[in-house]
Amino acid sequence: MGASEKTSIWHSFSSNYRKERKERRADTTTARTTATAPTHYPSWSRGRTSRSNASNYPREPSSDLPPPYEATEVPRISISAPEESESDSQFAFLRDFHTIFLVDDSSSMRGSLWEEAREAIAAIAQVCTKYDREGIDIYFINHRSKPNTNPSHAIDYTYTYDPERLKSPKFEGGYYNIRTAQRVSEIFASVRPSGGTAVGSRLFDILDPYMELVETTETARRAQKGASSSRHLVKPTESVKPVKPINIITITDGVFTDDAASIIIRTAEMLDGPSCRAIPRQVGIQFFQIGNDEMARKHLEELDDGLAKRRGNLRMRDIVDTISWKNRTGERLDGPGILKAVLGAVHKQLDWKKLE
């Protein structure tokens, strides 16, 4: 082979080699460009890219970007309180009344009876203070509260219209607007039994001014109703509200030294009288017997069921109920008994219910 032929073969081989090398370089460059130059940013790198680099890429949103933010309401988890039992819903009827405890602190209550009275009051105080919005009032037959005990409750015996007074009428010598069972226990512990059992006299101290307030208010309500129906008189801007009903729970051994029956009859007849015409549950008197004196039990049952017959007026309203803290076997009241104790005088179905 000549020199010219060798040179021709060498140039052909070099040309092919350079061509193949150039093609390999082109392929490598294309592969690198594809790997390092994406057409858009992935979603995870949006916050990390500088503004100068970001301008080199398309600004149109890509399919892998998250959807636009929309404000949505955060779901709330509510925990419902357990439904009230049937007995608890019936206790709620106490909200319609101003509850008054009248405690027998006579000398006949000394010793074990006073301890039983403490237990009985503790059993009902928690229920009554829970449902009376203004708080309950406590009166004793003999003991009187000191003047500085209730500095914000001066007793006003003028029977003018006062909406606040109608919610929680006050009478002399009591403890007013007690909202906790603990406070009830403290007041009870501060008293020592002594004196007679003049239940009738103490009931009169409470019921006489109360009935005067009810009659005066009802007269004002009827006058306002008549004025509003007349074309010649201006209708008052504020309506006269009725007096809140009272529920008097009397804790006693039942051995009275005076006449409570006459006070009860007088009150019942006034409630149905022409100057009052009160609602059926305006006044209730519950006798909560402490001890097991059988004669006292019969006397209280007579006040509950026999006054209309004694008066000769079978249509006279019944405002009295009676119950014992312990039954004849010595067992204390349970749930149904507590319900009757606090509402029996103002709830006729409970009044008629006899506990064994």
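Count residues from 1 along the sequence.
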Query raised in the report: Considering residues, nucleotides and ligands other than Gln126, do more than 12 of their heavy atoms fall under 6.0 Å from its CD?
Result: no

Query raised in the report: Do Glu186 and Arg183 pass the salt bridge (charged side-chain N to carboxylate O under 4.0 Å, His left out) test, and can you show the C-alpha distance, the side-chain angles, and the key distance before you say yes or no?
Result: CA-CA 5 Å; Glu186 291 173 357; Arg183 180 57 181 150; 3.4 Å; yes

Query - Transitive ILVMFWY side-chain link Val255 to Ile264, under 4.5 Å - result: no

Requested in this report: Give a yes or no answer on whether the side chain of Arg192 reaches the backbone of Ala189 with a donor-acceptor pair at less than 3.5 Å.
Outcome: yes

Query raised in the report: Where do Ser108 and Asp253 land on the side-chain hydrogen bond (donor to acceptor under 3.5 Å, both in side chains) test, with the steps shown first?
Result: CA-CA 8 Å; Ser108 63; Asp253 61 0; 2.7 Å; yes

Query - Arg202 side chain vs Phe140 backbone, donor-acceptor pair below 3.5 Å - result: yes

Requested in this report: Write down the atom of Thr322, the atom of Lys340, and the distance for their closest heavy-atom approach.
Outcome: O-CE, 3.9 Å

Report task. Check whether any side-chain heavy atom of Asp351 lies under 4.5 Å from a side-chain heavy atom of Asp304, and answer yes or no. Result -> yes

Query raised in the report: Side chain of Tyr139, backbone of Phe171: donor and acceptor closer than 3.5 Å?
Result: yes

Requested in this report: Find out whether Lys326 and Glu116 are in side-chain contact, i.e. whether some heavy atom of one side chain is under 4.5 Å from a heavy atom of the other.
Outcome: yes

Query - Residue Arg311 excluded, over 12 heavy atoms near CZ under 6.0 Å - result: no

Report summary line: Residues at least two apart in sequence or cross-chain that pass side-chain hydrogen bond (donor to acceptor under 3.5 Å, both in side chains) with Arg222, listed by chain then number, are none

Query - Aromatic ring pairing Trp325/Phe288, orientation class (parallel under 30°, perpendicular over 60°, tilted between) - result: perpendicular

Query raised in the report: Hey, is the main chain of Phe97 close enough, under 3.5 Å, to the side chain of Asn247 for a donor-acceptor pair?
Result: no

Report summary line: Looking only at heavy atoms, the pair that brings Leu333 and Ser324 closest together is CD2-O, 3.3 Å

**Report entry** Donor-acceptor contact present, side-chain Asn142 to main-chain Gly196, <3.5 Å
**Finding:** yes

Requested in this report: Kindly say whether Gly195 contributes a backbone atom to a donor-acceptor pair with the side chain of Ser107 at under 3.5 angstrom?
Outcome: yes

Query raised in the report: Do side-chain atoms of Arg221 reach the backbone of Val240 as a donor and acceptor pair under 3.5 angstrom?
Result: yes

Query raised in the report: Where is the tightest heavy-atom contact between Arg144 and Asp205, given as atom of each residue plus distance?
Result: NH2-OD2, 4.0 Å

Report task. Please indicate whether Asp318 has more than 12 foreign heavy atoms, meaning atoms of other residues, nucleotides or ligands, lying under 6.0 Å from its CG. Result -> yes

Query raised in the report: Side-chain contact, heavy-atom cut-off 4.5 Å: Tyr175 with Phe188?
Result: no

Report task. For residues Leu339 and His347, determine if any side-chain heavy atom of one lies less than 4.5 Å from a side-chain heavy atom of the other. Result -> no

Query raised in the report: Backbone N or O of Ser201 within a donor-acceptor pair of the Asp258 side chain at under 3.5 Å?
Result: yes

Requested in this report: Measure across Thr217 and Lys241 and return the closest heavy-atom pair with its distance rounded to 0.1 Å.
Outcome: CG2-O, 3.3 Å

Report task. Keeping the roles fixed (side chain from Asp105, backbone from His143), state whether a donor-acceptor pair exists under 3.5 Å. Result -> yes

Query raised in the report: Between Glu218 and Val243, is any pair of side-chain heavy atoms under 4.5 Å apart?
Result: no

Query - Within-4.5 Å side-chain heavy-atom neighbours: Thr99 and Val342 - result: no

Query raised in the report: Can you tell me if CD on Glu294 sees more than 12 non-hydrogen neighbours from other groups inside 6.0 Å?
Result: yes

Query raised in the report: Testing Thr250, Ile319, Ile323 for side chain to side chain contact (heavy atoms under 4.5 Å, CB included) with Gln286, which one passes?
Result: Ile323

Query raised in the report: How close do Ile279 and Pro245 get, heavy atom to heavy atom, and via which atoms?
Result: CD1-CG, 4.0 Å

Report task. Working to the nearest 0.5 Å, report the span between OG of Ser275 and CD of Glu215. Result -> 3.5 Å

**Report entry** Donor-acceptor contact present, side-chain Lys170 to main-chain Asp137, <3.5 Å
**Finding:** no

Report task. Could you tell me how the ring of Phe287 sits relative to the ring of Phe256: parallel (under 30°), tilted (30 to 60°) or perpendicular (over 60°)? Result -> tilted

Query raised in the report: Hey, are the side chains of His98 and Tyr210 touching, using non-hydrogen atoms and a 4.5 Å cut-off?
Result: no

Report task. Specify the closest pair of heavy atoms between Lys244 and Asp132, including all atoms of both residues, with the distance to one decimal. Result -> NZ-OD1, 4.1 Å

